[in-house]
Engineer: 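Would you mind keeping the following structure in view while I ask a few things?
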Amino acid sequence: MAKSGGPAPRAFDHAVHRLVRRIPRGTVATYGQLAALLGDCRAARAVGSAMQRCPHDIPWQRVVNARGGISLRGNVSGMITQRVRLEQEGVQFQRGKVDLARCRWTGPRRHPGR
DNA sequence: TCCGTGACACAAG
DNA sequence: CCTTGTGCCACGG
């Protein structure tokens, strides 16, 4: 009732996490891409923050930077893990980066099927 | 409410 | 190719 209206705290984070859940296996999405899908192509940085606080039951490894590389700054082991997990689901790396032209998620489809 | 921080993106040197 | 600087946004203290 009277309380509703304003966005609840961490609403953006939740939106990011839910979107990441929809990224198909074998494909990847960029921070900027997710931000754009959420309505703000300039919120890429916020997406990164949301990912740092993302639950472990989502395919977080499918989120990479605009260059198709892993951004995980200051987390070498996490970087390795992300790459391994992506390769395990079929994503190939070329020169340390993912071929976005080939593996980039096309975005959510309201009417799946063709 | 203000301020600091950061898994970004982009341009320039 | 790498480094640095700037702009944007949301979250947490």
Side-chain angles (χ1 to χ4, degrees):
Chain A
M1 318 312 238
K3 270 192 73 179
S4 57
R10 284 162 292 179
F12 186 81
D13 284 39
H14 251 271
V16 172
H17 302 161
R18 303 218 305 175
L19 192 53
V20 172
R21 283 179 187 284
R22 304 188 61 167
I23 304 176
R25 184 173 178 284
T27 66
V28 299
T30 68
Y31 299 93
Q33 180 184 352
L34 295 177
L37 288 172
L38 292 174
D40 277 324
C41 57
R42 301 162 295 184
R45 201 162 196 177
V47 171
S49 295
M51 289 308 291
Q52 189 172 35
R53 298 182 288 273
C54 81
H56 293 279
D57 60 332
I58 70 172
W60 58 270
Q61 71 275 21
R62 295 173 192 162
V63 185
V64 298
N65 63 32
R67 292 177 178 177
I70 296 172
S71 290
L72 290 173
R73 298 181 179 180
N75 193 340
V76 184
S77 58
M79 219 174 123
I80 303 299
T81 301
Q82 181 166 8
R83 174 166 178 162
V84 171
R85 288 184 69 167
L86 283 174
E87 292 182 323
Q88 288 183 334
E89 54 183 74
V91 177
Q92 300 178 358
F93 280 72
Q94 296 298 31
R95 293 165 77 226
K97 296 176 183 178
V98 178
D99 185 352
L100 290 177
R102 205 170 90 83
C103 302
R104 195 197 264 266
W105 178 37
T106 54
R109 297 264 188 177
R110 288 171 214 268
H111 302 285
R114 190 156 72 78

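Every chain is numbered from 1 and lettered A, B, ... according to where its sequence line falls, protein lines coming before strand lines.
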Engineer: Would you say the side chain of A:V64 lies within less than 4.5 Å of the side chain of A:Q82, judging by non-hydrogen atoms?
Structural biologist: yes
Engineer: Side chains of A:Q61 and A:V84: closer than 4.5 Å at any heavy-atom pair?
Structural biologist: no
Engineer: Would you please name every residue forming a side-chain contact (heavy atoms from CB on, under 4.5 Å) with A:R18, sequence neighbours left out?
Structural biologist: none
Engineer: Flag the pair A:T27 / A:T106 as yes when at least one side-chain heavy-atom distance between them is below 4.5 Å, and no otherwise.
Structural biologist: no
Engineer: Any salt bridge linking A:R85 with A:E89? Criterion: basic side-chain nitrogen under 4.0 Å from a carboxylate oxygen.
Structural biologist: no
Engineer: What are the residues of residues 83-98 of chain A, sorted by number, that bring a heavy atom to within less than 4.0 Å of DNA chain B?
Structural biologist: none
Engineer: Is any side-chain heavy atom of A:V16 closer than 4.5 Å to one of A:C54?
Structural biologist: no
Engineer: For a quick check of understanding: with a heavy-atom distance under 4.0 Å over all strands, which category does A:N75 fall into, base, sugar-phosphate or nothing?
Structural biologist: nothing
Engineer: For DNA chain C, which nucleotides open and close the run of contacts to chain A, 5' to 3', at under 4.0 angstrom from a non-hydrogen atom?
Structural biologist: C:dC1 to C:dG12
Engineer: Distances under 3.5 Å between protein N/O atoms and the N/O atoms of nucleotides 5-9 of chain B, please, pair by pair.
Structural biologist:
residue : atom : partner : partner atom : Å
B:dG6   : N2   : A:S49   : OG           : 3.4
B:dG6   : N3   : A:S49   : OG           : 3.4
B:dA7   : OP1  : A:Q52   : NE2          : 3.1
B:dA7   : N7   : A:M51   : O            : 3.2
B:dA7   : N7   : A:Q52   : N            : 3.0
B:dA7   : N6   : A:M51   : O            : 3.2
B:dA7   : N3   : A:Y31   : OH           : 2.9
B:dC8   : OP1  : A:R73   : NE           : 3.2
B:dC8   : N4   : A:R45   : NE           : 3.2
B:dC8   : N4   : A:R45   : NH1          : 2.7
B:dC8   : N4   : A:R45   : NH2          : 2.9
B:dA9   : OP1  : A:G32   : N            : 3.3
B:dA9   : OP1  : A:A66   : N            : 3.1
B:dA9   : OP2  : A:A66   : N            : 2.8

Engineer: Can you sort out the partners of A:R67 under side-chain contact (heavy atoms from CB on, under 4.5 Å), two or more places apart, ordered by chain and number?
Structural biologist: A:N65, A:K97
Engineer: What I'd like to find out is whether the side chain of A:P59 reaches to under 4.5 Å of the side chain of A:R25, using heavy atoms alone.
Structural biologist: no
Engineer: Any residue in residues 15-28 of chain A with a heavy atom nearer than 4.0 angstrom to DNA chain B? Just list them by number, or reply none.
Structural biologist: none
Engineer: Any side-chain heavy atom of A:V98 sitting closer than 4.5 Å to one from A:F93?
Structural biologist: yes
Engineer: Are the side chain of A:D40 and the backbone N or O of A:R42 linked by a donor-acceptor pair below 3.5 Å?
Structural biologist: no
Engineer: Could you grab the distance from atom CH2 of A:W105 to atom CD of A:Q33, nearest 0.5 Å is fine?
Structural biologist: 7.0 Å
Engineer: More than 12 non-hydrogen atoms from neighbouring residues, nucleotides or ligands closer than 6.0 Å to CZ on A:R22, yes or no?
Structural biologist: no
